[in-house]
Protein chains: 2
Amino acid sequence: MKISTKGRYGLRALVDMAANAEGKPISLTSVAKRQNISLNYLEQVFGTLRKAGIVISTKGSSGGYLLKYEAKDISVRQILEALEGAFSIVDLNPMEMQDPLQQAIQTLLWDEIDEKVNTLLETRTLEQLVDEYKQTKDQGNQMFYI
Amino acid sequence: MKISTKGRYGLRALVDMAANAEGKPISLTSVAKRQNISLNYLEQVFGTLRKAGIVISTKGSSGGYLLKYEAKDISVRQILEALEGAFSIVDLNPMEMQDPLQQAIQTLLWDEIDEKVNTLLETRTLEQLVDEYKQTKDQGNQMFYI
DNA sequence: AGAAAACATATCAGATAAGTAGGATATAAG
DNA sequence: CTTATATCCTACTTATCTGATATGTTTTCT
């Protein structure tokens, strides 16, 4: 019941991208360096993000990736759904679904969890993460200027 | 990011047990039949539940399992924690934890999800599930008596 | 022309999940 | 006192997923 590294790394890389954006495409090489993630692995992740319509790419020298929409219009749910599939706390096998007892558990537990989590993921945007990141980063740097 | 069959089957089996309780121990054989779960697998699951202090067992003929406490005093969280470990939506590797960006994501996302889910699991009791089950089961049976 | 980037597959080792198998031990019932 | 019915215990198996790594091909700016 965990979010895998694919989702975590992808999300982190996107925040990094958005935080370091200046209009021009950002290379995965630079993201990989800053975030200490294998370039090869990041390429796979961004392939998925591109196919999901979250980023756009330009090939060739001085190419790279850009967000397809503004950070405030990209929800965390979109991102994680692209990388991990839609969130659902359980994955029932056919036999379980027929069980009448299962219905009770589904209603009181799984459905409620799914709803709460999905609502939160839907609410949180990439922009919020970027803002929070910049803020905490600045706090960290302040100590050098006191 | 799923609850595994161990947790799902265990929870279902416990609700079944509680719903069919009459004071005397209930054998896993009967639970396995009603719930269509492999007896061998259930035995492993109930071994864990016993060690976690959720059920007590009596061996031998006409032996079986009983809830250690009343159903209203057993939270779903206790059960799932015994079978799956404490709920936490992510499991970070050491490198990630040091990342400053990670902190932002942790605060705005993972911590909030963990808190919401754990609160729900803590609130829901075995008794609630049993009640819901009995109710929906009765509704299903009513059609035969109209 | 050459460097730097995305893009595309294939491969691989390790971990985990989901069960199976086979017996050992305990105890109530007949 | 024997037999059936339980729990209890541990090892094994099989399949799938994860987290990469490796090796190139294609594209485009300089």
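Keep in mind that what you see is a predicted model, and the values were worked out from it rather than measured. Just so we're on the same page: letters track the sequence lines, and every chain starts at 1.
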Out of dT27(C), dT20(C), dT9(C), minimum distance to the side chain of Asn40(B) belongs to dT20(C)

Would you list the protein and nucleotides 13-17 of chain C atom pairs, both N or O, that sit under 3.5 Å from each other?
none

Taking for Lys51(A) and for Lys59(B) the nucleotide of DNA chain C with the nearest heavy atom, the one nearer the 5' end belongs to Lys51(A)

With a 4.0 Å cut-off (strictly under) to non-hydrogen atoms of chain A, the first and last hit nts on DNA chain D, 5' to 3', are dG19(D) to dC29(D)

Judged by nearest nucleotide, the residue sitting upstream toward the 5' end of DNA chain D, Tyr9(A) or Ser61(B), is Ser61(B)

DNA chain C nearest-nucleotide lookup for Gln44(A) and Ser57(A): closer to the 5′ end is Ser57(A)

Ordered by number, residues from residues 25-36 of chain B within less than 4.0 Å of DNA chain C (heavy atoms) are none

Q.
Under 4.0 Å, counting only non-hydrogen atoms across every strand here, what does Gly47(B) touch: a base, just sugar-phosphate, or nothing?
A. nothing

Arg50(A) atom CZ is separated from dA5(C) atom C1', nearest whole Å, by 13 Å

- Message: With a cut-off of less than 4.0 Å, is there a side-chain N or O of Thr58(B) near OP1 or OP2 of dA26(C)?
- Response: no

Tested for side-chain contact (heavy atoms from CB on, under 4.5 Å) against Leu14(A), the lone hit among Ile74(A), Leu67(A), Val76(A) is Leu67(A)

**Request:** State whether Tyr133(B) and Lys137(B) meet the cation-pi test: NZ (Lys) or CZ (Arg) under 6.0 Å from the six-membered ring centroid, and within 45° of the perpendicular axis.
**Result:** yes

| query | Just checking, any donor-acceptor pair under 3.5 angstrom between side chains of Glu84(A) and Ser4(A)? | reply | yes

Can a salt bridge be assigned to the pair Arg8(A) and Glu96(B) using a cut-off of 4.0 Å between side-chain N and carboxylate O? yes

To the nearest angstrom, the CD-P distance between Glu43(B) and dA24(C) comes to 15 Å

Crowding at CD, Glu70(B) (>12 non-hydrogen neighbours, <6.0 Å): no

* **Under 3.5 Å side-chain donor-acceptor pair for Tyr41(A) and Thr5(A)** => yes

**Prompt:** If only side-chain N and O atoms of Arg8(B) are considered, is one of them under 4.0 Å from the OP1 or OP2 phosphate oxygen of dA18(C)?
**Reply:** no

Whole-Å distance, Leu83(B) CG to dG19(C) P, equals 14 Å

